[in-house]
Amino acid sequence: MSNDNKESGANDPSNKHTEAISDDRMAGSFEKPLDLDDVLVNELGQFGWFQLRNVILVSIPIMMSAFMSEFIFSSAAIPHRCRIPECGEYGNLHQYDPEWILNAVPETSSGFSSCQRYVPRGLGTNGTLDYCPADLFNNLETVECDGYVYARDNTIVYDFDLGCQDWLRALPGTLNSVGTLLVLPITGYISDRFGRKRALIISVFNLGLIGLIRAFSVNYIMYVVLQILQTTLGAGTFSSAYIFAAELVGPKYRVITSSAAASMFAVGQVVLGSVAWLIHPWRYMIMALHIPCFLVISYYWILSESVRWLLAKKKFTEAREVLETVAKVNNKHISQKSLEALMNTSDTSVQASDANKPGLVRSIVRSPTLLRRVCTIPIWWITSTFVYYGLSINSTGLSDTIHLNYILTCAVEIPGNFASVFIVNIIGRKATLSCGFFFSALCNIVFIFISNDLYVVRLIIFMLGKFGISVVMTSLYLYTSELYPTEFRHSLLAFSSMIGRIGSITAPLTPVLMNYWHGIPSILFGGMGIIAGLLVLTQPETTGTKMPDTLAEAEALGRNDSKLEQSR
């Protein structure tokens, strides 16, 4: 809760000191229109019981948004080999490694081949499941499998017979990320047109419904179509929930609230790994994850609409009711003058000034400084999402304990998220991002040269790499916002985030590259991290500076005269 002394006596409507503050602020409103942040800071409280209730409520759908990554387990690789019908194997589920297997399948450094078998001699005699002699096969010639035997039956690889088709197995993860790109305009339209609350409930409902239907997929095509459909219509869950967590929190608490939201996403990933660990069959796992999503329908009655959206849409009656509820729950008081000022704020002047501004593209072309940032910042976003999701996905291949590996790798994000809150104000935004990229890159490169026998050491280095990129992910949004001017901030931030999806789209394909050399994913993570870390050094430090409102102020960042005290 906020402990500001100026808020502590504001809960009594007759308090003269509070009214004096309101009158003074209203007297100055002719110079600067009163906004919601002023009311939160001076009257309602920046983080009271109402905001805490909102954060707790939206933490649940934020956790649920992590369930879309269940493809990591539902389409996980299963040990497989060629089916040998000459020895009585006519189904997909037999003993994976019978004593006679090397009579029929070539030996490799890791055991025996997954995708090739010896050519049968066609002697007219067959073996059995217990006895399959080597003289039935020509061990000088091999052929590709025409059927497979799987060690387990708990992923789509068994159900849809995807043995030796690793690119098809990785495709659901790529389509999952494509859906997160397609969802941006859809969720944005619903949120702006019908409200934040409806956007949240619709997103979670789609997430649960399509996920539940996908559990009953009868073939691979149905599974992947529903995969991209689920994220295209349901991946707006996180952004919709995040808006509720941040829009009614005062400026002082927005960074910590952002870190808390990111940490709840990490908790959701831990829940995902735990459920997959307890429920192995992929269909039942998906059902267990998505059925609880329907509980969020109750938010229609228990969650208040965003005040900022209500004010923007001029729904003043509803906005007044929410503001009065906030004051009551927080044990505060909002003056009538503040209410009237919020309801009567005019945006005519803003619209007039907007009409005289040059277009975004023209401004970028005319400003070498802005052009460099527009070319540089998206590379940070691509790298951060590529490494972040790539490490999460590849964590399951560290050892046979795939669920524990995933849980630990996701749990380390939580201290990374909160560490960034303190680091960014101590060593600065620029140093935090650059060091985070370099540290994660170093861990990924070192990881390549650690023996598989040193499991604990490998896991620690891997987790430290994830810690480093988690610090980057939490700080990236803030630093990007501070580098762009207010007039273009929303558009350029959305552009950076959209381009950054390239990283999350390609990340699910990286485990397949290990078939060619085990170090390829780590080399990619490390190399891109080094490039991004160097590019961060080309931009100015923004710690202690006022957020630029105009292009001229954004271009002046890094100069001595730009070190203006932040307004909040």
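Predicted, not measured: the structure shown is a model, and the values here were computed from it.
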Inter- and intrachain pairs under disulfide (SG to SG under 2.5 Å), touching residues 140-238, at least two apart: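 Checked against disulfide (SG to SG under 2.5 Å) - neighbours excluded - the pairs reaching residues 140-238 are C82-C145, C115-C164.
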Could you tell me which residues satisfy side-chain contact (heavy atoms from CB on, under 4.5 Å) with Y389, sequence neighbours excluded, listed by chain and number?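 Partners of Y389 under the side-chain contact (heavy atoms from CB on, under 4.5 Å) test: T385, S504, A507.
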So if I apply the side-chain hydrogen bond (donor to acceptor under 3.5 Å, both in side chains) rule between [X] and each of [options], which one comes out positive?
X: R81; options: Q116, E89, H94; value: E89
X: Q539; options: R372, R373, K430; value: R373
X: W282; options: T155, N154, D159; value: D159

I need the minimum non-hydrogen distance between [X] and [Y], along with the two atoms involved.
X: A266; Y: I414; value: CB-CG1, 3.8 Å
X: S384; Y: V472; value: CB-CG1, 4.1 Å
X: I448; Y: S522; value: CG1-CB, 3.4 Å

Spell out, as yes or no, whether a donor-acceptor pair under 3.5 Å connects the side chain of [X] to the backbone of [Y].
X: Y220; Y: L168; result: yes
X: K197; Y: Y300; result: yes
X: S470; Y: G416; result: no
X: R283; Y: A215; result: yes

Pair Q227-F71, side chain to side chain contact (heavy atoms under 4.5 Å, CB included): steps then yes or no: CA-CA 9 Å; Q227 179 78 67; F71 68 87; 3.8 Å; yes
Do [X] and [Y] pair up side chain to side chain, a donor and an acceptor below 3.5 Å, judged on atom types alone?
X: T480; Y: W381; result: yes
X: T432; Y: Y479; result: no
X: T474; Y: N417; result: yes
X: Y150; Y: D161; result: yes

Report all side-chain donor-acceptor pairs from residues 52-69 shorter than 3.5 Å, counting only partners two or more places apart or in another chain.
residue	atom	partner	partner atom	Å
S59	OG	V55	O	2.6
S65	OG	I62	O	2.5

Start with the C-alpha gap between E70 and R214, add the side-chain angles, then the distance that decides, and say whether salt bridge (Lys or Arg N to Asp or Glu O under 4.0 Å) holds. CA-CA 12 Å; E70 53 75 24; R214 191 156 52 86; 2.3 Å; yes
Aromatic contact, F73 with Y406 (centres under 6.0 Å):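 Distance test on ring centres: under 6.0 Å, yes.
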Qualifying residue, where the test is side-chain contact (heavy atoms from CB on, under 4.5 Å) with N138 and the options are D135, L136, L140: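 Output: one option passes, namely L140.
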